[in-house]
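For clarity, every value in this text was computed on a predicted model and none was experimentally measured.
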Amino acid sequence: VRVLDPSISVAIMELNDGNLQTLTEYLQKTLIPDPAVRRPAEKFLESVEGNQNYPILLLTVLEKSQDEVIRVCAAVTFKNYIKRNWRIVEDEPNKISDPDRTAIKANIVNLMLTSPEQIQKQLSDAISIIGREDFPQKWPDLLTEMVTRFQSGDFHIINGVLRTAHSLFKRYRHEFKSNELWSEIKLVLDTFAQPLTELFKATIDLCQTHATDVNALKVLFSSLTLISKLFYSLNFQDLPEFFEDNMETWMTNFHNLLTLDNKLLQTDDEEEAGLLELLKSQICDNAALYAQKYDEEFQPYLPRFVTAIWNLLVTTGQEVKYDLLVSNAIQFLASVCERPHYKHLFEDQNVLTSICEKVIVPNMEFRSADEEAFEGNAEEYIIRDLEGSDIDTRRRAACDLVRGLCKFFEGPVTGIFSGYVNSMLTEYAKNPGVNWKHKDAAIYLVTSLASKAQTQKHGITQANELVNLCEFFVNHILVDLKSPNVNEFPVLKADAIKYVMTFRSQLPKEQLLEAVPLLVAHLQTESIVQHTYAAHSLERLFTMRGANNATLITPAEMAPFTEQLLNNLFKALAIPGSSENEYIMKAIMRSFSLLQDAIVPYIPTLIGQLTHKLLLVSKNPSKPHFNHYLFESLCLSIRITCKANQDTVGSFEEALFPVFTEILQNDVQEFVPYVFQVMSLLLEIHTSSIPSSYMALFPHLLQPVLWERTGNIPPLVRLLQAYLEKGATTIASTAADKIPGLLGVFQKLIASKANDHQGFYLLNSIVEQMPPDSITQYRKQIFILLFQRLQSSKTTKFVKSFLVFINLYCVKYGAIALQEIFDGIQPKMFGMVVEKIIIPEVQKVSGQVEKKICAVGITKILTECPAMMDTEYTKLWTPLLQALIGLFELPEDDSIPDDEHFIDIEDTPGYQTAFSQLAFAGKKEHDPIGDAVNNPKILLAQSLHKLSTACPGRVPSMLSTSLPAEALQFLQGYLQAATVQLV
């Protein structure tokens, strides 16, 4: 049985051969490249994954299948299933049944340890995902089960345990300190540190025993590398007492391993790092960790590590396989040289010269491997070079070492390098065609010397005073940018472009303006790196701010290049290798944003190109950033054009709706939230009644399946709000049968602590926009649902939204209607709400519009509700007035009970596409009261005046007997400002 609501009942898949066979067939289909076969198979597996026994069936296929490929496929599918579903999200159905959870935890460790390596890795990841949620509380025996396997003596099993432990503990490297974390690490250390140390010593002894057996050594060295990684994770947060007591054992062995050179483990492969390199790299990391964090305790060992690592650097070749080792070794020196403790090791001019000559300069060279990446694997090169994920490249490490040395020795180091830079540039000038790499290294050296502090937003923010950046720009950078053949020396051109981007905050504006048309021309180059850097530089220049926060470069200054800029950016997307280049797309978005009205004449042509691109990428979305900027650019086109002429909205709908329809029909999950946002933007622009094309879609937006995905909720709510704003009367007259569906969505959202505020957004729009008689029959039920939620879980966030809603209801339908609906549910209910919710909680309401709604609503309750004047509710009148004056005059109460801090996070943790908000689809804040009330304080004064003329003497006497003096003083101020008095 398939039941729509998974919380009611779960279908059970029997563990039989038929089901195993079916599952195997579908897994096979997911491996077929043709999307017509692959997608339906993926959808089928997704549709049955909620069934009980599904994960057990997957593990059975993984264990029993004769086909190796199917076993690996089952392992990957299982890991992704765990990743999506293991976490239990509050208010959402548990996606994996308890019996399945228990069975998985009982079997997975053993299965992982006995599987071949490829499967072992997937299951090890799955264990760490489960461990992240369940360890230690819900899986207390995980560690002991793993540690006992160290005794097995079988290194395939031991490495499985080590690999799993590594993926479980590596989060200690970046978790924030907390008591919970400390107690978990303590538990791990108590169980794990001693056996790990014993295993470390035993493995080193085995390396001696099997010193001539290459196969045994390979397994043992991979164990040592994993052990060293675990050492790093367990020592990262603080120096554990156990490791401090055993530092001699660990450090002596680490030092010996660093200096060890086993001929059997040397590899012929120039690219791939061998086991020896991987182990030594990790040991360099471990030594750097101790040198940085525990320098006092590490002091006795430091000199010998400096010597060993220095020798390592001087003797290691330029091959790619040594990159990680060399960069970690340099990073070790960088972390040591900037600590005052160790300053004396580097003071001698000869030492500095030697470091510069033997370590820094050789590792800044542009090698043939870099050249191959530049030409053949541009994407990888750009990620490394631009985004700072070049953490483990030699160049980045050498750069960090220069920065580290400059901390205490800026003068001498700059002096030594200036000599190098000049001699490199002289070499280049002799024969540019052959010696261009000398200039590349010179530019790199200048950049690393000059850069002291850097931010993503501004580039270099603090520069070395001893380097003249503008002079270098004019003499060496502009020359390359101006060279008539843009495709010649692409590496130097990319360097020049990057220089402009890096030092944009240091170079004067006229030099930047001189560079703009040159950068626009470089968008046309054949080299992917070069035109990507050009796009990225322009995008960064366009975000710079000048006087009074306007953009530094103005649309007027861009006018001569606007057409060329737009043309070249769109042409660049057609260059092979850049069809989904996120830097170009971001530059298109930023250009639109900067140029504003200036793009209007080009939009009719450009919108076609953007729509065509959207159609292509929606077939197989693979670049999330590119797609995001594409939708942002669409929003900007719509906003800017429709601001100039509202009637153009129809032509955008004509262009976009066919593609949107296809995206929604094919359920392209990544794009659906974006489509809803763009549709909201379009619909909000309409001034007359709602177009029929939107009404045709309306019933589909209420389908429960769309609301299952958290990423859809914010944009869908906004879209429904736009429907209500523009088409409430149409809905009431032609789609009244859909109103229960609309309220069903509200009911689903209100039940969730994470999404209840979205439910209120929708409810407020229904109350504000729908013709009153169309929702009369549902009103009581709405209030009952809200009360049920208040009783079951009353959170601050819910109460704030509830207050805004009841006051909006009061503004819309009047105070008497509000009192009657409450008392109709249960006698005296209205008084309870005023006393227990409005009076004590209204101070918590936040937001200008929200406060205004509450102020006007409470004013109406005070002055337009007879029951407040002459029933048992009268005792609440003065406290309510005092609460309203408090709302006007006291600071907002933003305290949140301790157990609620997690609730306000809008996107609940889930592994599905989270909601990606489009900045340029932003919604204007809506004030339902509008100009009818400009100043709620004046409204209160006028309303009290009116009330007092209707029943003379009553109001002043209620005020004088029980309103505190301070509140009374404020009230007098309002009355004076409104020029009225009470009678």
Take E427 and K430 through the test salt bridge (charged side-chain N to carboxylate O under 4.0 Å, His left out) and record every step on the way to the result. CA-CA 5 Å; E427 281 304 303; K430 287 181 191 164; 2.9 Å; yes
Evaluation steps, side-chain hydrogen bond (donor to acceptor under 3.5 Å, both in side chains), between N286 and Q282: CA-CA 6 Å; N286 294 354; Q282 186 56 49; 3.0 Å; yes
Trace of the side-chain contact (heavy atoms from CB on, under 4.5 Å) decision for R504 with R540: CA-CA 9 Å; R504 59 185 182 277; R540 296 283 81 196; 3.7 Å; yes
Would R394 and E365 count as a salt bridge (charged side-chain N to carboxylate O under 4.0 Å, His left out) if you check the C-alpha gap in whole Å, the side-chain angles of each, and the deciding distance to 0.1 Å? CA-CA 9 Å; R394 294 173 180 239; E365 281 172 15; over 6 Å; no
Trace of the side-chain hydrogen bond (donor to acceptor under 3.5 Å, both in side chains) decision for Q331 with D400: CA-CA 7 Å; Q331 288 290 3; D400 288 347; 2.9 Å; yes
Quick one: do V306 and F332 satisfy side-chain contact (heavy atoms from CB on, under 4.5 Å)? Show the steps, please. CA-CA 8 Å; V306 171; F332 167 77; 4.0 Å; yes
Assess whether salt bridge (charged side-chain N to carboxylate O under 4.0 Å, His left out) is satisfied between D269 and K321, documenting all intermediate values. CA-CA 8 Å; D269 188 339; K321 67 173 170 184; over 6 Å; no
Would Y583 and Y533 count as a ring pair (Phe, Tyr, Trp, His ring centres under 6.0 Å) if you check the C-alpha gap in whole Å, the side-chain angles of each, and the deciding distance to 0.1 Å? CA-CA 8 Å; Y583 293 97; Y533 281 19; 7.9 Å; no
Does the pair R367 and D370 meet the rule for a salt bridge (charged side-chain N to carboxylate O under 4.0 Å, His left out), with working shown? CA-CA 5 Å; R367 298 166 304 166; D370 300 316; 3.6 Å; yes
Just do the side-chain hydrogen bond (donor to acceptor under 3.5 Å, both in side chains) check on N581 and T532 with the steps written out, would you? CA-CA 8 Å; N581 186 322; T532 301; 2.8 Å; yes
Show the numbers, then the answer: is there a side-chain contact (heavy atoms from CB on, under 4.5 Å) between L481 and K493? CA-CA 6 Å; L481 289 177; K493 298 279 201 309; 5.7 Å; no
side-chain contact (heavy atoms from CB on, under 4.5 Å) between M558 and L594, worked out: CA-CA 9 Å; M558 284 304 298; L594 172 77; 3.8 Å; yes
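Within a 6.0 Å sphere centred on CD of E270, other residues, nucleotides and ligands contribute 12 heavy atoms or fewer. The local environment of NZ in K623 is crowded, with over 12 non-hydrogen atoms from other residues, nucleotides or ligands closer than 6.0 Å. Within 6.0 Å of atom NZ in K358, 12 or fewer heavy atoms from other residues, nucleotides or ligands are found, so the atom counts as exposed in its surroundings. Within a 6.0 Å sphere centred on NE2 of H625, heavy atoms belonging to other residues, nucleotides or ligands number 12 at most.
T554 is linked by a side-chain hydrogen bond (donor to acceptor under 3.5 Å, both in side chains) to E557, counting only residues two or more places apart in sequence or in another chain. Scored by the ring pair (Phe, Tyr, Trp, His ring centres under 6.0 Å) test, F374 finds Y381 as partners (sequence neighbours excluded). For the ring pair (Phe, Tyr, Trp, His ring centres under 6.0 Å) test, no residue two or more places apart in sequence or in another chain qualifies with F417. With sequence neighbours left out, F626 forms a ring pair (Phe, Tyr, Trp, His ring centres under 6.0 Å) with no residue at all. With sequence neighbours excluded, the residues satisfying ring pair (Phe, Tyr, Trp, His ring centres under 6.0 Å) with F243 are F231, W250.
A cation-pi geometry, defined here as NZ or CZ lying under 6.0 Å from the six-membered ring centre and within 45° of its normal, does not hold between K439 and F366. Stacking of R395 on the aromatic ring of Y444 is recorded, both the 6.0 Å distance cut-off and the 45° axial limit being met.
Rounded to the nearest 0.5 Å, atoms CG (L230) and CZ (F200) are 11.5 Å apart. Interatomic distance, L519 CG to E514 CD, rounded to the nearest 0.5 Å: 11.0 Å. With values rounded to the nearest 0.5 angstrom, F242 atom CZ is found 12.5 Å from E244 atom CD. Distance CD1/I553 to CG/L541: 5.0 Å, rounded to 0.5 Å. With rounding to the nearest 0.5 angstrom, the CG atom of L279 is 5.0 Å from the OG atom of S228.
Without hydrogens or angle criteria, Q524 side chain to A521 main chain gives no donor-acceptor distance under 3.5 Å. With hydrogens and angles ignored, the 3.5 Å screen pairs no side-chain donor or acceptor of D238 with any backbone N or O of P240. Of the possible donor and acceptor atoms, one in the side chain of Q237 sits under 3.5 Å from a partner among the backbone N and O of E175. Of the possible donor and acceptor atoms, none in the side chain of Q266 sits under 3.5 Å from a partner among the backbone N and O of L276. The backbone N or O of V520 sits less than 3.5 Å from a side-chain atom of N568, completing a donor-acceptor pair. Using modelled atom types, one side-chain atom of N328 and one backbone atom of S281 make a donor-acceptor pair closer than 3.5 Å. For S591 (side chain) and A587 (main-chain N/O), a donor-acceptor pair under 3.5 Å exists by modelled atom type. Judged purely by atom type and a 3.5 angstrom limit, S448 has no side-chain atom pairing as donor or acceptor with the backbone of C399. Y499 places a side-chain N or O within donor-acceptor distance of the main-chain N or O of L469, the cut-off being under 3.5 Å.
Using bins of under 30°, 30° to 60° and over 60° for the plane-to-plane angle, the ring pair Y290/Y294 lands in the perpendicular bin.
Between V402 and C406, the closest side-chain pair of non-hydrogen atoms falls below 4.5 Å.
Closest of all the heavy-atom pairs between G274 and T267 is CA-CG2, 4.1 Å. Shown here for P490 and S527, the closest heavy-atom pair between the two residues is CB-CB, 4.0 Å. Residues V474 and V479 share a closest heavy-atom pair of O-CG2, 4.1 Å. Residues S223 and L162 approach most closely at O-CD1, 3.9 Å, considering heavy atoms. Contact between M501 and S537 at its shortest, heavy atoms only, is CB-OG, 3.3 Å.
Q530 and N487 share no side-chain donor-acceptor pair at under 3.5 Å. Side chains of N377 and E380: a donor-acceptor N/O pair is absent below 3.5 angstrom, by distance only.
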Give every donor-acceptor pair under 3.5 Å between a side-chain atom in residues 253-260 and any protein atom, sequence neighbours left out.
unit_1: N253; atom_1: ND2; unit_2: T249; atom_2: O; d: 2.9
unit_1: H255; atom_1: NE2; unit_2: R304; atom_2: O; d: 3.4
unit_1: N256; atom_1: ND2; unit_2: T252; atom_2: O; d: 3.3
unit_1: T259; atom_1: OG1; unit_2: H255; atom_2: O; d: 3.2
unit_1: T259; atom_1: OG1; unit_2: N256; atom_2: O; d: 3.0

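Between F305 and Y301, the gap from one ring centroid to the other reaches at least 6.0 Å.
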